[in-house]
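What follows is a short report on a single structure.
Only a predicted model underlies this, so the values are computations on that prediction, with no experimental measurement involved. Chain letters run A, B, ... following the sequence lines, proteins first, then strands; residues in each count from 1.
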Amino acid sequence: MSLDISEIAPYDFAPIESKWQNFWLKNRSFSTDCNSSNPKYYVLEMFMYPSGKVHIGHVRNYTIGDIFARFKRAKGFSVLHPVGWDAFGLPAENAALKQKAHPKNWTYRNIGIMKSQILSLGFSYDWEREFATCDEKYYAFQQKIFLAFHKKGLVYRKKSEVNWDPVDNCVLANEQVVDGCGWRSCAPVEKKSVDQWFLKITDFADELLTELDKLDGWPEKVKIMQRNWIGKSEGCSIAFKSSAGENITVFSTRPETIFGATFLAISPDHELAQKLALSNEKAKRFIDEFKKGSVAGEFLDKQEKLGLDTGITVSHPLLEKKLPVYIANFVLMDYGTGAVFATPAHDERDYEFAMKYGLPVERVIRAKDESSGELPYLEDGTLINSDFLNGLSVAEARKVVIDRLTQLKIGKRETFFKLRDWGVSRQRYWGCPIPAVHCSKCGIVLLAEKNLPVLLPPDVDFSSPGNPLDNHPTWKHVECPTCGVPAVRETDTLDTFVDSSWYFLRFCLNDSNAENLLARKDIDHWMQVDQYIGGVEHAILHLLYARFFTKALADCGFVSIREPFRNLFTQGMVCNATYRRENGEWLFPEEVRKNKGGDFEVIATGEKAIVGRFEKMSKSKKNVVDPDVIVKNYGADALRIFVISDTPPDKDFPWSDDGLEGCGRFINRVWRLFSFLESRGVCAAQCSAKVDLESLPAGIRELYVGFHRTIKNVTDAIEGRHMNKVVAHIRDGVNSVYLALDEVESHRGIFSLITRDLIKMLAPIAPHICEEAWERFGFRELVSENPWPTYEEDYLKVSLINLPIQVNGKLRGTIEIDPEEEESEVFAKALRLAGVQNAIARGALQKRIFIKGKIVNFVVADAET
RNA sequence: GCCCGUGUGGCGGAAUGGUAGACGCGACAGACUUAAAAUCUGUUACUCGUAAGGGUGUGUGGGUUCGAGUCCCUCCACGGGCACCA
């Protein structure tokens, strides 16, 4: 007597999962080189910061990537799927302070821990390409890139106001300032003037913008965010003759409104304002007040428009008219020219200001329908009160007025960007040293390539404040590479975003040629990244820098491509329920229970607990789940399935213990199925090539043909990155096999075919159980090395369908027919349905709609209406 | 304020303009069991009805269409990004 399916022992995943993980690693199953004749495919997930523990969010990110990598491999691609560590950065130094561990030891220890966690999830990585950005070899090369950029004129130094983080004691890039606060410390940012190294990302502003249009494989959302960040404005700069002597140059994107200009506004930081403050007490006070406000920074959004009449006037360039000049707090010095002409009638901000200070408003654009007399008027229309522009449309007028101003030599077409150059200096130890020295004779000198690398000194002291490199007794003292006199090393290190701006290139190289990025063969072979996967939080920072680096490296001759990532996928965050006490203090889920009334209470005290929203898992909100615990209790396969189930991968994922439990059950269900089939003599490794459909009984034929539909569904879903649907369709397939289990012994051949392809389709998601089943069914090679299943197009055509019959668009019944059935025959059958008869009897039949194989709709004029 | 996205059962979510709710979670029931768990098999949008069979349903209000979750317009709610960018 053979075993009933319910008697099969549960799946003991632990030994099986470690068996295959060891096998893959030992046999270098996923190692790649560029000698394959298959087309290449480069799958990359954003690499990890070695904080100490892998987060469930990482698991989701890497699972999505791994499914894709395994799928593409099965589809016959030569897949590069590397892994590495974004290992420089602040937390290592914080740990050094707190735990008295050297940043290097702390970092590499964390990498060790996290690597074992990652290995326990069974990802198909090429571990031979693994590296950390703090590896000497890696950052040594980064220094060469820095020199190359310098040679190309992309590096410069500038004394400038920078964002100073008073808590982390370091400079922040514009992009690292969130709502006026440091992105990590959340402390209000102060302004400070420091000598800084800058990378000229603005040289590429136009290209970074226009190339976005070609990135078809990127989410629109990310492209929009980058577009806004680059912030291109095309317009015209215009010089106004001023009573103070010098001209005031303004920038406007709407020069056609110049006849409506009633005043000029300049920034409190404008040269003229600064000059005025020297002699004018009122102006000085106004500017000082402004500075205070801007440092506090909190009311920026609601800040009232304030201005001060300077008493200075300018001449309107096209009218016999003087305009007053105001210092205004809403004019930014670091955008455009720091001065604007104001046309209150057609600009909201100017209008508000004019109202407040009683300045004239002159309308120069008439609405098309003339109905809108409301001001400010911001829409398109026809120019009025504007001399030679009268009667023109806004677009025409813009062109004409710029031409005229250019001709008169008082204006010129100009473009401004919001994008600023990238300040890369950090006053930190744990980063890539900037290869430069300060010489008393020669000034700042960059090292020659032969003097590289500049390695971090291992012996550093974190006990005193500031940069340990600066405090180091010997490290910074060197000879000037140019004149040989004693000089001092640059003690700033590079922003860690520099490290992550080219790591995807390093992955293209083996360890053997890693030091020679100029040997471009491998890079040319693998780049671009065909599928990049990561969090949307990097939409601007990392993704823009990486694009910039690729373009700059191309200009320096390192790479051939100008865009690094062909397809980008941004996955959602993993969220979990949150609980708080009434005083707002967060609670662990274990501290809370549901009471009889259905409300939540704190177990220890019985006080009321408030159920919060699902929030991104974070330690502070006490709602994190530890991947190690899940893997231990449910196995890697169950966790992998769970993190991609149910929710589209680009959406936030709501964690649920029940859902995870369900995936554990599913893995068991699959295991029992495989075991049962094996015990009934199903031999997947010996499938017959041909199936005679006609000879099969209807039920089995339906099962087999239906399974081809499943293969198509799964394949399409995975290609479209709809991982939740992939799981749903596979479950569908498993369910239909379960329902046909009585037939196994009489149709072993069909069940063998189905089993073989089911394993193949599940393998990218749950590779361990599939590798094991594959082996037990008698296959020699790995399922990971087998081609993806194919389906018969012919089988997708169904012999009978349920055709919906509608009356006035409402479903009144269905008829089972051949999809090719002719119109008249279908109508005849449809009209025999009782529901249809009843509905039609209410009025006169006016029209009949027939869409072959899709629908029938009878249109009836309702007698009652 | 501007830009983008999202609104579908108790929940996560399916649905080339053509039978709304695939798949899963939860719940309920049956089988197996002394029993429970596990497992297998069903049922499960709401509503009227014993039933047969009706009616109502995809945030709101309108429109296009034989037919709208899907396309167009209006408004509302939630989420995200940018935020005095001239």
Side-chain angles (χ1 to χ4, degrees), chain A residues 4-8 10 179 219-225 227-229 231-233 235 250-255 257 265 267 300-305 328-332 334-343 347-350 352-353 416-419 536-537 539-540 613-614 641-642 645-648 650-663 665-666 668-669 672 713 722 724-735 738-739 741 801-814 834-835 838 846-851 853-860:
Chain A
D4 186 81
I5 195 158
S6 62
E7 295 167 297
I8 292 167
D179 294 330
E220 207 49 46
K221 182 186 171 174
V222 172
K223 290 194 274 185
I224 289 168
M225 281 162 75
R227 261 182 217 117
N228 292 341
W229 191 263
K232 181 177 183 174
S233 308
V250 305
F251 175 68
S252 173
T253 52
R254 303 213 48 198
T257 63
S267 165
L300 242 142
D301 45 349
K302 285 173 204 153
Q303 210 173 359
E304 203 186 346
K305 304 223 171 339
N329 66 344
F330 67 82
V331 182
L332 305 173
D334 63 351
Y335 187 79
T337 59
V340 296
F341 76 72
T343 309
D347 183 283
E348 219 155 328
R349 208 185 32 207
D350 297 348
E352 198 189 316
F353 191 88
F416 282 97
F417 293 90
K418 278 200 261 181
L419 186 70
V536 75
E537 67 271 20
I540 300 170
R613 311 195 317 189
F614 270 69
I641 289 182
F642 179 53
S645 289
D646 301 339
T647 304
D650 54 333
K651 296 270 167 52
D652 286 352
F653 178 85
W655 183 266
S656 106
D657 291 338
D658 285 335
L660 172 67
E661 190 87 35
C663 291
R665 275 202 300 268
F666 176 66
N668 263 300
R669 188 169 156 84
R672 273 193 304 276
N713 287 342
H722 306 295
N724 53 325
K725 288 193 256 173
V726 174
V727 178
H729 291 306
I730 290 176
R731 292 183 108 123
D732 239 350
V734 170
N735 290 348
Y738 258 88
L739 293 176
L741 286 183
I801 57 161
N802 274 318
L803 190 77
I805 313 297
Q806 298 181 333
V807 177
N808 287 346
K810 253 180 202 168
L811 186 73
R812 293 296 167 181
T814 58
N838 289 340
Q846 284 192 325
K847 200 172 170 184
R848 305 188 293 189
I849 307 285
F850 174 77
I851 312 289
K854 289 265 161 122
I855 204 148
V856 167
N857 190 12
F858 295 103
V859 184
V860 172

Phosphate OP1/OP2 of B:A14 contacted by A:N724 side-chain N/O (<4.0 Å): yes
Determine: side-chain N/O of A:S233 to OP1/OP2 of B:A86, distance under 4.0 Å, yes or no. yes
Quick one: label A:P10 by what it contacts on the DNA or RNA (base, sugar-phosphate, nothing), any heavy atom closer than 4.0 Å. nothing
When you check the phosphate oxygens OP1 and OP2 of B:C40, does a side-chain N or O of A:Y738 lie under 4.0 Å from one of them? yes
Return no unless some side-chain N or O of A:K725 is found under 4.0 Å from OP1 or OP2 of B:A15. yes
Any side-chain N or O of A:R812 under 4.0 Å from OP1/OP2 of B:G55? yes
Would you please confirm or rule out a distance under 4.0 Å between OP1 or OP2 of B:G26 and any side-chain N or O of A:R665? yes
Under 3.5 Å, is there any donor-acceptor pair linking the side chain of A:K305 to the base of B:C84? yes
Would you please confirm or rule out a distance under 4.0 Å between OP1 or OP2 of B:C23 and any side-chain N or O of A:N713? no
Contact class for A:N857 (heavy atom, under 4.0 Å): base, sugar-phosphate, or nothing? base
With sequence neighbours excluded, residues passing ring pair (Phe, Tyr, Trp, His ring centres under 6.0 Å) with A:F653: A:F642
What pair of heavy atoms forms the shortest contact from A:R672 to A:I8, and how long is it? O-CD1, 3.4 Å
Nearest 0.5 Å please: distance from the CG atom of A:L419 over to the CD1 atom of A:I540. 10.5 Å
It should be established whether A:R672 places a side-chain nitrogen or oxygen under 4.0 Å from OP1 or OP2 of nucleotide B:A38. no
Between the protein and nucleotides 78-81 of chain B, which nitrogen or oxygen pairs come in under 3.5 angstrom?
residue : atom : partner : partner atom : Å
B:G79   : OP1  : A:R613  : NH1          : 2.8

What's A:S656 touching, base or sugar-phosphate or nothing? Going by heavy atoms closer than 4.0 Å. nothing
Under 4.0 Å from OP1 or OP2 of B:U56: is there any side-chain N or O of A:K810 that close? yes
